[in-house]
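Chain A is the first sequence line, chain B the second, and so forth, proteins listed ahead of strands; every chain is numbered from 1. Keep in mind that what you see is a predicted model, and the values were worked out from it rather than measured. Keep in mind that the numbers below use all heavy atoms, side chains included, and drop hydrogens, waters and symmetry copies.
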2 protein chains.
Amino acid sequence: MPRRINSKAKSFDGKCQTLAFLAKALSDENRLRILLSVSSGKKSVSRIVEDLQLSQPLVSHHLKELKRSLLVRVERSGPFIYYEIVDPRIVEILEDMNVIATDLLANRTTF
Amino acid sequence: MPRRINSKAKSFDGKCQTLAFLAKALSDENRLRILLSVSSGKKSVSRIVEDLQLSQPLVSHHLKELKRSLLVRVERSGPFIYYEIVDPRIVEILEDMNVIATDLLANRTTF
DNA sequence: TAAATATATAAATGTACGTTTATATATTTA
DNA sequence: TAAATATATAAACGTACATTTATATATTTA
């Protein structure tokens, strides 16, 4: 029986790889903006490009990454290809992360 | 007045940079393991090295990154240097992320 | 079918990053 | 003060990745 340091470590055994993969998908500013821009409904690539003022190949590239990370789903309709967030709970997580990040920055001298 | 696409986008305006920074700090498997290993109390570098079976310079390097990301605090006691998680809410976030990641993987064919 | 539009892909490039190896610094002990 | 222990730092290396430029694919329209 493998030694357990504590219960918290146990509950994360073998999950850090998956967690790191998900975190990496969220670790780029432009990719985050793209993900959030499709978090409230389907949106075409060109619409994302227009809204975020990013180059079309860059948006396509990040959408491909988000799809590879299972965070968005794709749907074709005529000449347009629509992307949409798969699980809106990701947005809640990002909101929680933002609260923590704000606190960390505010108390960075104190801690 | 700048155009707002939707309320969600508004609530994240200018925060993606911070969010991406935090996510990047959590985007490496070994760094996550180190962070979680100091999430239930102070732990010395050598103890982390022993628990996680990682090289000492690698652990030191990642601890430096975690400190730069404001996620851990440092405390010296004799020859030992103890690290500790700053905000345990990070662990809750990681638990939530793990739930979502698990669901995404389970439904990856369905979505 | 030709032109126009929408999106994806490929190549190229610079940089960031994780890891290893080697060494330096700091603290305790003999 | 010398040796041993604990940790940090620096250099070196390979790789991953974000971005740009150029081009290919697919769909609609004239």
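Spacing between atom CD of E50(A) and atom P of dT5(C) amounts to 15 Å, rounded to whole angstrom units. Atom-to-atom, CD1 of I48(B) to P of dA6(D) comes out at 14 Å; the value is rounded to the nearest Å. When rounded to the nearest whole Å, the span between CD of E75(B) and C1' of dA6(D) equals 16 Å. Atom C1' of nucleotide dC17(C) and atom NE2 of H62(B) are separated by 9 Å, given to the nearest angstrom. When rounded to the nearest whole Å, the span between CD1 of I81(B) and P of dA26(C) equals 11 Å. Between the CG atom of D28(B) and the P atom of dC17(D) there is a distance of 11 Å, rounded to whole Å. dT7(C) atom P lies 13 Å from atom CD1 of I34(A), rounded to whole Å. Whole-Å rounding puts the L63(A) CG to dC17(D) P distance at 17 Å.
Within the nucleic acid shown, S60(B) comes within 4.0 Å of at least one base atom, counting heavy atoms only.
Of all heavy-atom pairs between L32(A) and A20(B), the closest is CD1-N, 3.6 Å.
Connection of F80(B) to L63(B) is not established within any shared hydrophobic cluster, with ILVMFWY side chains joined at heavy-atom distances below 4.5 Å, either directly or through further cluster members.
Between dA18(D) and R31(A), a contact under 4.0 Å exists linking OP1 or OP2 to a side-chain N or O. Between dA8(C) and K64(A), no contact under 4.0 Å exists linking OP1 or OP2 to a side-chain N or O. Proximity of N30(B) to the phosphate of dT19(C): a side-chain N or O atom is located under 4.0 Å from OP1 or OP2. In terms of phosphate contacts, S46(A) brings a side-chain nitrogen or oxygen within less than 4.0 Å of OP1 or OP2 of dT7(C). The side chain of H61(A) contributes no N or O atom lying less than 4.0 Å from OP1 or OP2 of dA10(C). Phosphate contact (OP1/OP2 of dA6(D), side-chain N/O of Y83(B), threshold under 4.0 Å): absent.
Of the candidates dC17(C), dT7(C), dT21(C), dC17(C) carries the atom nearest the K24(B) side chain, counting heavy atoms from C-beta on. Of the candidate nucleotides dG18(C), dT27(D), dT20(C), dT20(C) has the atom nearest to the side chain of P57(B).
Side-chain contact check for V86(A) versus L70(A): every heavy-atom pair is 4.5 Å or farther apart. Side-chain atoms of L35(A) and R31(A), non-hydrogen and from C-beta on, never get closer than 4.5 Å to each other.
Under 3.5 Å, the side chains of Q56(A) and S60(A) contain a donor-acceptor pair of N or O atoms.
Here dA3(D) sits opposite dT28(C) as a Watson-Crick or G-U wobble pair (both hydrogen-bonding atom distances under 3.5 Å). In a base pair of the Watson-Crick type (N1 to N3 plus N6-O4 or O6-N4) or a G-U wobble (N1-O2 and O6-N3), with each distance short of 3.5 Å, dA16(C) is matched with dT15(D).
Where S55(A) and G78(A) each meet DNA chain D at their nearest nucleotide, the meeting point lying more 5' is that of S55(A).
One finds a salt bridge joining R68(A) and E65(A) here, because a Lys/Arg side-chain nitrogen approaches an Asp/Glu carboxylate oxygen to under 4.0 Å.
On a pure distance criterion of 3.5 Å, a polar donor-acceptor pair joins the side chain of Q56(A) and the base of dA8(C).
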